[in-house]
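Throughout, a chain's letter reflects where its sequence line sits, starting with A, and its residues are numbered from 1.
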Amino acid sequence: MTTDNTSPQEPHDGEYLKPLLPILDQHSTRRTLLKTAGAALGLAAFGEALSPLMVIPENVSVDEFLQQHYKELTDEDKKKVFARLEAETKERFGADVTITDSKPIPGVRFAYAINVSKCNGNGKCMEACNKENNHHRGVDQSYIRVLEMTKGSMDMENGSTTYDHTVPQDDKFYLPVQCQQCDNPPCVSACPIEATWKEDDGIVVVDYNWCIGCRYCEAACPYHARRFNWELPEIPAEEVNPNQGYLSNRIRPQGAMEKCHFCLHRTREGRAPACQEACPTGARVFGDLNDPDSAINYVLKNKRVFVLKEELGTKPSFFYFFD
Amino acid sequence: MTANARKKRNVAALKHAVRSYPGFLWWGLGQATNGGLGFYVWMIVLTAIALVGANAWAHQVARGMIVTNMTDHVSWGLYIANFTFGVGLAAGGVMMVIPAYLYDDEDMHKVVIIGEAVAIAAIVMCTLSVLVDLGRPDRFWHLMPVIGRVNWPVSMLTWDVIVLNGYLVINLHIVGYLLYMRYLGRKPNPKWYVPFVFLSIIWAISIHTVTAFLYCGLGGRPFWNTALLAPRFLASAFVSGPAFIILVMRILRITTGFAAPPKPARTLIQIIRVAMTINLVMLASELFTLFYTGGAHGESAKYLFFGSHGHYGLVPWIWTAIACNLIGTGLFFMPDALERSNTRIAACILCIVGIWIEKGMGLIIPGFIPSTLHEIVEYTPSLTEWKVTAGIWAFGFLLLTVLLKLITTVFAAEAHKTEIA
């Protein structure tokens, strides 16, 4: 920038008059015309630069844009929303699906436990999660990470999630980690818009249509349990799991957060979570904490149980034990 | 027309100019977009960069955040790094407000409005930095009170949205009111701005404290989970803010001849000396705890400063920052050298760059490395991220230029009036 002839010390003729009576001042009119042209050109360029945004009105219907938070939807609203989502899934993924809204079973409190002595790191749970939950196929997404740990240390520093050899290795043990469904969940506190919350049966869920994708919850989670949809998931039509829950395994939109939901569309209907069903070693124990006769209560009462990062005070509903 | 006649005519025009506030703003926009060739080149270049940024962001929204290099492991990157620095820049302006209003520093009073203009532009940049970091910007209304669903008072991010917008509104009011009164040739009524000025002092401290709480409240991220974070944020803000304002005053003098009295710059230099020393002491004590204790808590710091398990991505960044901060601080403690304006500019730029890295890439990224399951996934910003960030900076400078143009025009017009009277 250089000193110019319109410096405030020596203003132009009509410098202060212009906005009052621009027509009366020739010089000013020329400048005003140029400025108007410049502004018009700038606006046009701005519009052109932002033109890729036009995919939003193409992909996001008015109904979706105006959709309220899950907790504010009436049964009537939900019917419409689910029908719309089903139609969109048909259109985008070519699959006929049914979206349901399983509610927590009154009096039930879910918990999970893993027998670290039995788990051999085969990774079937991750595969099952990928299929059951309509994960993005391109990146082999799953809500579970299995850490291969070095015997003699509980320090995750000495663990690896990227091992690629036959299992189990003699000097290793295996530690699957997924959402710990904390009773004091840092992710729920972090969310600025209540897009994620803890349900009565202990499951932390996400309203994928309310999440703005700020990823603060992902930073807050001490267990790396949350996943972000960096792009629209890709799933071949024939691989889409058609039994979908609104708060669980329906295909997630681009730009929203997701996480393990204990397969609530199955478990709230009395079935086992997909990862438990798939586990060939019997390392996974799932059940109702409030039922004194449940397998999970047997484990908690009779085994030496621990939780991950207990010192953080997150109070996980996810336990580990050794035989 | 003689110079005197011209001045008379100008003053007459000013006297009879539009009286309404919207009219004043319209007049101001007209004034702020007048200038010579250099001015238009500057504005066009900034507009062009802003357009590149806007276009990159639009593509990011269309294709998804996959066009950034962020991952589930490093889920915040350059955008949030810039946001953090911007909040500091905005809060730093308060270091002009405090001497001007609490200590009645007359000379500072004359230029304090520059600090407030910097704060406005910085806050707008912060807001944009958060907006471009959202996966679903079309759902931004979910963040608004009443129509959205706000997780207040639990979520620190909700607090941040509130305090940042509040700070913007307060500063817009103060700057707008004071300029409007000057334009009308009236004495500002203290009732209408002094309470807001005091509010803005508390508020400036709150924006940076809340932003620090955003990170240090997370128990799962040991690198951030330190009580020193908020004080460190404040100390570094009181370096980067005043340093930036010294640069702005220098540029104004060169380009518009707007001569700020020399005293405010000297006060700012004093503040920088103290704040930077405190900042470096806190940094040193933080590093001592991390490295002497060792263990998992020190792992991020080890990665940041020396690399870890064969990964060295942030090592050049942080040592650049340390070098800039030390040399910059050294220069600030050499009063004779600092009298030369080139040295002064260099010292300011070094401190700004040093803090931009230390608080941005050097703070946000190592919070994620190693991850909470102790995996090391590195991060370097993608071209899209650089474009968007450059666009936001360009837009910030565009806004700042318009604000400063308006301020200098109103001030100059008033100077004319007193001259003739």
Side-chain angles (χ1 to χ4, degrees), chain A residues 1-9 11 13 15-20 31 35 42 45-46 49-53 55-56 60 65 69 145 147 156-157 159 161 177 186 189-194 210-216 218-224 227-232 254-256 312, chain B residues 1 6 10 13-14 16-18 26-27 30 33-39 42 47 51 54-55 58-59 61-66 72 75-76 133-136 138-140 142-143 148-151 154-155 157-158 161 218-221 255-257 296 299 371-375 408-409 412-413:
Chain A
M1 261 161 82
T2 54
T3 312
D4 55 59
N5 54 1
T6 56
S7 103
Q9 264 69 25
D13 279 3
E15 190 72 3
Y16 297 114
L17 262 182
K18 179 171 50 60
L20 305 176
R31 191 183 274 267
K35 270 200 214 173
F46 196 65
L50 289 178
S51 62
L53 289 182
V55 297
I56 293 182
V60 181
F65 178 75
H69 187 277
R145 291 183 94 74
L147 282 152
M156 289 175 186
E157 199 79 31
T161 55
V177 183
S189 307
C191 179
I193 50 163
E194 299 180 6
W210 189 256
C211 172
I212 52 171
C214 71
R215 307 188 298 291
Y216 191 26
E218 197 169 32
C221 175
Y223 304 101
H224 193 60
R227 305 283 184 275
F228 186 67
N229 286 278
W230 301 96
E231 60 186 327
L232 192 68
Q254 173 178 303
L312 295 179
Chain B
M1 199 188 289
R6 196 158 59 203
N10 286 337
L14 196 65
H16 296 109
V18 219
W26 184 245
W27 169 86
T33 47
N34 280 343
L37 187 63
F39 171 74
W42 166 249
T47 308
L51 284 171
N55 183 250
H59 277 292
V61 173
R63 290 180 48 203
M65 303 287 280
I66 191 82
D72 281 325
S75 50
W76 281 342
D133 193 58
L134 294 183
R136 293 304 296 237
D138 53 314
R139 297 181 186 163
F140 78 97
H142 297 180
L143 266 169
R149 200 180 165 99
V150 177
N151 187 12
V154 178
S155 172
L157 198 54
T158 308
V161 171
L218 304 181
R221 306 276 172 193
T255 55
T256 70
E299 204 44 45
S371 79
T372 48
L373 296 186
H374 296 260
E375 296 169 79
T408 47
T409 308

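Using a 4.5 Å cut-off between heavy atoms, B:Leu218 touches chain A through its side chain atoms alone. The parts of A:Ile193 that come within reach of chain B are both its backbone and its side chain, each placing non-hydrogen atoms under 4.5 angstrom from that chain. With a threshold of 4.5 angstrom between heavy atoms, A:Tyr216 approaches chain B through its backbone and through its side chain. Heavy atoms closer than 4.5 Å to chain B are found in both the backbone and the side chain of A:Leu53. Contact of B:Thr33 with chain A is made through backbone and side chain together, with heavy-atom distances under 4.5 Å. With a threshold of 4.5 angstrom between heavy atoms, B:Arg149 approaches chain A through its backbone and through its side chain. When heavy atoms are compared at a cutoff of 4.5 Å, A:Ala219 approaches chain B by way of both its backbone and its side chain. With a 4.5 Å cut-off on non-hydrogen atoms, A:His224 touches chain B through its backbone and its side chain both. Using a 4.5 Å cut-off between heavy atoms, A:Ile56 contacts chain B through its side chain alone, with no backbone atom that close.
Using modelled atom types, no side-chain atom of B:Arg136 and backbone atom of A:Cys211 make a donor-acceptor pair closer than 3.5 Å. Panel note: side chain A:Trp230, backbone B:Gly135; no donor-acceptor pair is recorded below 3.5 Å.
With a 4.5 Å cut-off on side-chain heavy atoms, A:Pro52 and B:Asn55 count as touching.
Nearest heavy-atom pair across B:Ala54 and A:Leu50 is O-CD2, 3.5 Å. Taking every heavy atom of both residues into account, B:Ser75 and A:Arg215 meet most closely at O-NE, 2.7 Å.
Taken from CD in A:Gln254 to CE in B:Met65, the straight-line distance is 10.0 Å, to the nearest 0.5 Å. Here the CE-OG1 distance, from A:Met156 to B:Thr372, works out to 8.0 Å after rounding to the nearest 0.5 Å.
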